[in-house]
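Below: one structure, written as structure tokens.
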Amino acid sequence: MIEAGDPDWDTEKGGTVHLVFGSHLKGYVQGYTVAQFARLEERILSLKESNPMRDRMQRMILGKSTPLDVDKSGRTILPKEIREKLGVDDAGMDLRYVGLGDRFEVWPAPDYVERVEVEDEAWLAEQGEGFNLLAALAED
């Protein structure tokens with residue numbers, strides 16, 4: 001995903017991703033490939049200047065994002081501001097990287113289990129026996 005979305009990816013040096021860490025993201029950050037982030041930025045900037053959401057998105061998404069170097073093996077070092085947002089201290093913490101197709105999320109592992117996996121399991125239980133999640137794709 002990262003290599004395909006970075007036109008400047010170098011097999012020897014690696015490339016770049018963009019992390020968004022605005023306050024609208026509660027306890028996690030979102031990551032985008034260079035190409036996906038460029039599309040997101042283009043969509044935000046295409047909003048009319050009179051649209052108040054444009055300013056808010058510019059501040060909360062574009063203004064709270066940072067390019068991040070990724071080495072050829074896919075490793076990176078999270079900047080201090082992002083580590084602080086995630087509650088990662090110097091002793092370290094397990095993080096969960098969740099690929100979502102067009103983006104990825106980075107969560108403290110315990111928070112991901114508590115907030116996402118538990119919620120997903122409860123939702124699935126509500127759907128009843130025999131529920132097929134992929135069947136929703138046929139509805140579009």
Side-chain angles (χ1 to χ4, degrees):
M1 173 180 141
I2 295 171
E3 297 94 339
D6 184 349
D8 296 324
W9 181 268
D10 182 300
T11 57
E12 293 300 314
K13 296 179 184 173
T16 303
V17 295
H18 288 268
L19 289 184
V20 175
F21 55 95
S23 57
H24 65 292
L25 302 171
K26 305 296 184 203
Y28 70 99
V29 297
Q30 289 180 331
Y32 295 87
T33 65
V34 171
Q36 282 298 109
F37 190 78
R39 283 192 279 279
L40 177 62
E41 181 177 36
E42 184 179 311
R43 289 183 65 195
I44 292 169
L45 296 177
S46 72
L47 295 172
K48 292 181 179 179
E49 289 188 25
S50 60
N51 184 337
M53 288 303 290
R54 177 184 165 141
D55 287 341
R56 191 162 309 278
M57 287 185 194
Q58 284 177 296
R59 282 193 304 274
M60 295 176 79
I61 297 172
L62 303 181
K64 290 289 186 172
S65 66
T66 186
L68 200 60
D69 291 333
V70 179
D71 74 12
K72 65 183 179 181
S73 297
R75 297 173 299 197
T76 191
I77 297 174
L78 294 176
K80 182 178 181 184
E81 186 172 17
I82 292 175
R83 290 193 315 269
E84 288 173 353
K85 177 178 178 73
L86 296 173
V88 176
D89 59 21
D90 290 336
M93 174 188 286
D94 287 336
L95 295 175
R96 177 82 53 101
Y97 288 74
V98 183
L100 300 172
D102 63 345
R103 68 186 189 286
F104 62 93
E105 295 175 345
V106 182
W107 289 80
D111 293 352
Y112 183 81
V113 170
E114 182 181 309
R115 289 182 51 201
V116 178
E117 288 184 358
V118 169
E119 182 180 304
D120 285 351
E121 289 300 321
W123 180 82
L124 283 170
E126 290 174 7
Q127 305 313 304
E129 200 66 34
F131 173 72
N132 180 349
L133 182 62
L134 293 176
L137 293 174
E139 294 176 10
D140 273 354

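The distance from the CD atom of Q30 to the NZ atom of K64 is 15.0 Å, given to the nearest 0.5 Å. Expressed to the nearest 0.5 Å, how far CG of L95 lies from CD1 of I82 amounts to 11.0 Å. For the atom pair CG (L47) and CE (M53), the distance works out to 8.5 Å, reported to the nearest 0.5 Å. Distance check: Q127 CD to N132 CG gives 11.5 Å after rounding to the nearest 0.5 Å. Rounding to the nearest 0.5 angstrom, the gap separating the CG atom in L40 from the OG1 atom in T33 is 10.5 Å.
Neither V118 nor W123 shares a network with the other; the hydrophobic side chains, linked directly or stepwise wherever heavy atoms of I, L, V, M, F, W or Y lie under 4.5 Å apart, form separate groups for each. Residues Y97 and L68 fall within the same hydrophobic cluster, defined by Ile, Leu, Val, Met, Phe, Trp and Tyr side chains chained together at heavy-atom separations under 4.5 Å.
G27 and P108 get closest at one heavy-atom pair: O-CD, 3.3 Å. Contact between I61 and S65 at its shortest, heavy atoms only, is O-CB, 3.2 Å. Of all heavy-atom pairs between G31 and L19, the closest is CA-CD2, 3.6 Å.
Ring orientation note: the planes of W107 and Y28 are close to parallel, at an angle under 30° on the 30°/60° scale.
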Inset, instruction - Carefully, step by step, assess V20 and M60 under the rule side-chain contact (heavy atoms from CB on, under 4.5 Å). - result: CA-CA 8 Å; V20 175; M60 295 176 79; over 6 Å; no

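For D120, the CG atom sits in a packed shell: over 12 heavy atoms of surrounding residues, nucleotides or ligands are nearer than 6.0 Å.
Looking at residues two or more places apart in sequence or on another chain, you find no side chain to side chain contact (heavy atoms under 4.5 Å, CB included) involving E129. Under the salt bridge (Lys or Arg N to Asp or Glu O under 4.0 Å) criterion, R96 pairs with E117, not counting sequence neighbours. Applying the salt bridge (Lys or Arg N to Asp or Glu O under 4.0 Å) test to E84 and every residue at least two apart in sequence or in another chain returns K80. With sequence neighbours excluded, the residues that form a salt bridge (Lys or Arg N to Asp or Glu O under 4.0 Å) with D71 are R75.
Contacts classified as salt bridge (Lys or Arg N to Asp or Glu O under 4.0 Å) and involving residues 39-61 (residues at least two apart or in different chains) are not found. Among pairs with a residue in residues 35-81, those fulfilling ring-ring contact (aromatic ring centres under 6.0 Å, His included) read H18-F37, at least two apart in sequence or across chains.
At least one donor-acceptor pair closer than 3.5 Å links the side chain of T76 to the backbone N or O of D69. Within the 3.5 Å criterion, the main-chain N or O of V88 finds no donor-acceptor partner in the side chain of R83.
Looking at heavy atoms from C-beta onward, L78 lies in side-chain contact with L86 at the 4.5 angstrom threshold.
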